Amino acid sequence: MTPARPFVYPIPGSSLHCGKMPLEKLAKRFKTPLYVYSADQIVERFELFSHAFEEIPHLICYSVKANSALGILRLLDKQGAGFDIVSGGELERVLRINRKAAERVVFSGVGKTAPEMDLALKAGIRIFNVESAGELELLSERARRVRRTARIALRVNPDVFAETHPYISTGLREHKFGIDIREARAVYQRARRLPGIQPCGISVHIGSQIRSATPFADAAARVVALAEELRADGIKIDSIDVGGGLGIEYTAGAKFNAKAQAEEYARQLIAALAPLKDITLLLEPGRFLVAQAGALLTSVLYVKKNGEKTFVVTDAAMNDLVRPALYQAHHEILPVVRRQGSRQIAVDVVGPVCESGDFFARDRLLPTAREGDLLAILDAGAYGLSLSSNYNTRMRPAEVLVKGATAKLIRRRETIGDLLAPELSALNIRS
Ligand SMILES: *Cc1c(COP(=O)(O)O)cnc(C)c1O
């Protein structure tokens, strides 16, 4: 079994590596904070996934919002991946990598604007996942205006409960996403009569960081029932999109076998879809492909004591990786260099931002840290930089992609010029 993460101490006494690349070397060359991703692991996860589904026609549309780095999109495009986008900006990213990839793009999201629709129609994307009757009307109007046909799926809300954080659960009737599955049949009837609209799929996405395959299969079974009704109504449904959301284990102790997880997920979905003939399965994994391939490398600025508590202050902060602050998410933290006989003590690992929510870990047992030490915050490849901000006028970190024993810069560190440009030009202040 390959390890869940590419971040390892290859031999006892050695420092932490990303595959064959020592992280100390990357910190020296690119400075910290720094996002480090393993290209090898991303490819491995993609292959695991496609292998698990190989017995049925399918297309894996990587969810761009998990990590939208062009360097990663290019890597996945080369593997033949499609892309799940949720904005015109994400489509622009995909088109910059490969204009021809448009035919592998699915466009999700509850608030698509007219300019975003026009861009996607002209690029010739594969399918729109439509989330409301109002969106359907607007899409019809835009399609006529730009003289294209929009292939659509309705994103249905299957009313399935999935165990995850409430902020990333989306498949219940009370959520803002999708169209109530009980009303979908009528909306498809309306859709087939709208000019410029070709209904040909059904989509669903029940949430994120879901570790059990069962809720996905439950949702798929409801979608299959709807597909049979629609086909009986004469609507040619040729694809079912089961969304993304397959989770990983963030805690070190938890058992996690990515291959077994992907296989169980595939087994249950393939079984649920079995009654439907001539269907292409669309999948939208994000986190599962990229989360564990990434780490946020950071330097210890200070170690300070307030009363009984010890704080390790790092040069990375919540603006770089917001998951702990936003979802109380757990990330493992490893020292890059392990010192002989160093004692473990409970510390809070915190960033420099002026918020008490700016922490990476609380009361975590870590080997005694000193100023200048390097720490790696693991499983930061998904919803890390893509959810980052410039809060406190902090420049975003650089990103590097490691392949074998080589590392390539895929995003340079931001400069103060990058941050201030939109204001300096508006105010006519010379930079
Ligand atoms: C966020 C999202 C995904 C990806 O979710 P993961 O948990 O990263 O796999 C897929 N599809 C849609 C519609 C999404 O909003």
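Quick note: residue numbers are just sequence positions, from 1. Treat the numbers as computed from the prediction; the structure is a model and nothing was measured. Counting starts at 1 for both ligands and their atoms, in listed order.
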Side chain, backbone, both or neither: which applies to Asp84 and ligand 1 if a contact is any heavy-atom pair less than 4.0 Å apart? side chain
To which protein heavy atom is [atom] closest, and what is the distance rounded to 0.1 Å?
atom	result
atom 4 (C) of ligand 1	Ser63 OG, 3.2 Å
atom 2 (C) of ligand 1	Lys65 NZ, 2.2 Å
atom 5 (O) of ligand 1	Tyr383 OH, 3.5 Å
atom 7 (O) of ligand 1	Ser208 OG, 2.4 Å
atom 10 (C) of ligand 1	Glu284 O, 3.3 Å

Counting from 1, what ligand 1 atoms have a heavy atom of [X] closer than 4.0 Å?
X	value
Ser108	13 (C)
Gly244	9 (O), 10 (C), 11 (N)
Arg287	6 (P), 8 (O), 9 (O)

Kindly confirm or rule out a cation-pi arrangement of Arg104 over Phe83, judged by NZ or CZ under 6.0 Å from the six-membered ring centre and within 45° of its axis? no
Taking the six-membered ring of Tyr9, is NZ or CZ of Arg338 closer than 6.0 Å to its centre and within 45° of its axis? yes
N/O of [X] under 3.5 Å from N/O of ligand 1, yes or no?
X	value
Arg155	no
Gly286	yes
Gly243	no

Below 30° counts as parallel, above 60° as perpendicular, anything between as tilted: where do the rings of [X] and [Y] land?
X	Y	result
Phe53	His58	tilted
Tyr265	Phe49	tilted
Tyr37	Tyr35	parallel

Near Arg364 CZ, under 6.0 Å, is it more than 12 heavy atoms from other residues, nucleotides or ligands? yes
Given the side-chain rings of His17 and Phe7, with only the six-membered ring counted for Trp, is the space between their centroids under 6.0 Å? no
Check whether any heavy atom of Gly245 sits under 4.0 Å from an atom of ligand 1. yes
Under 3.5 Å, sequence neighbours excluded: what are the donor-acceptor pairs made by side chains of residues 277-286?
{"unit_1": "Lys277", "atom_1": "NZ", "unit_2": "Ala274", "atom_2": "O", "d": "3.1"}
{"unit_1": "Glu284", "atom_1": "OE2", "unit_2": "Asn129", "atom_2": "ND2", "d": "3.3"}

Between the CD atom in Glu116 and the CZ atom in Arg142, the distance rounded to the nearest 0.5 Å is 12.0 Å
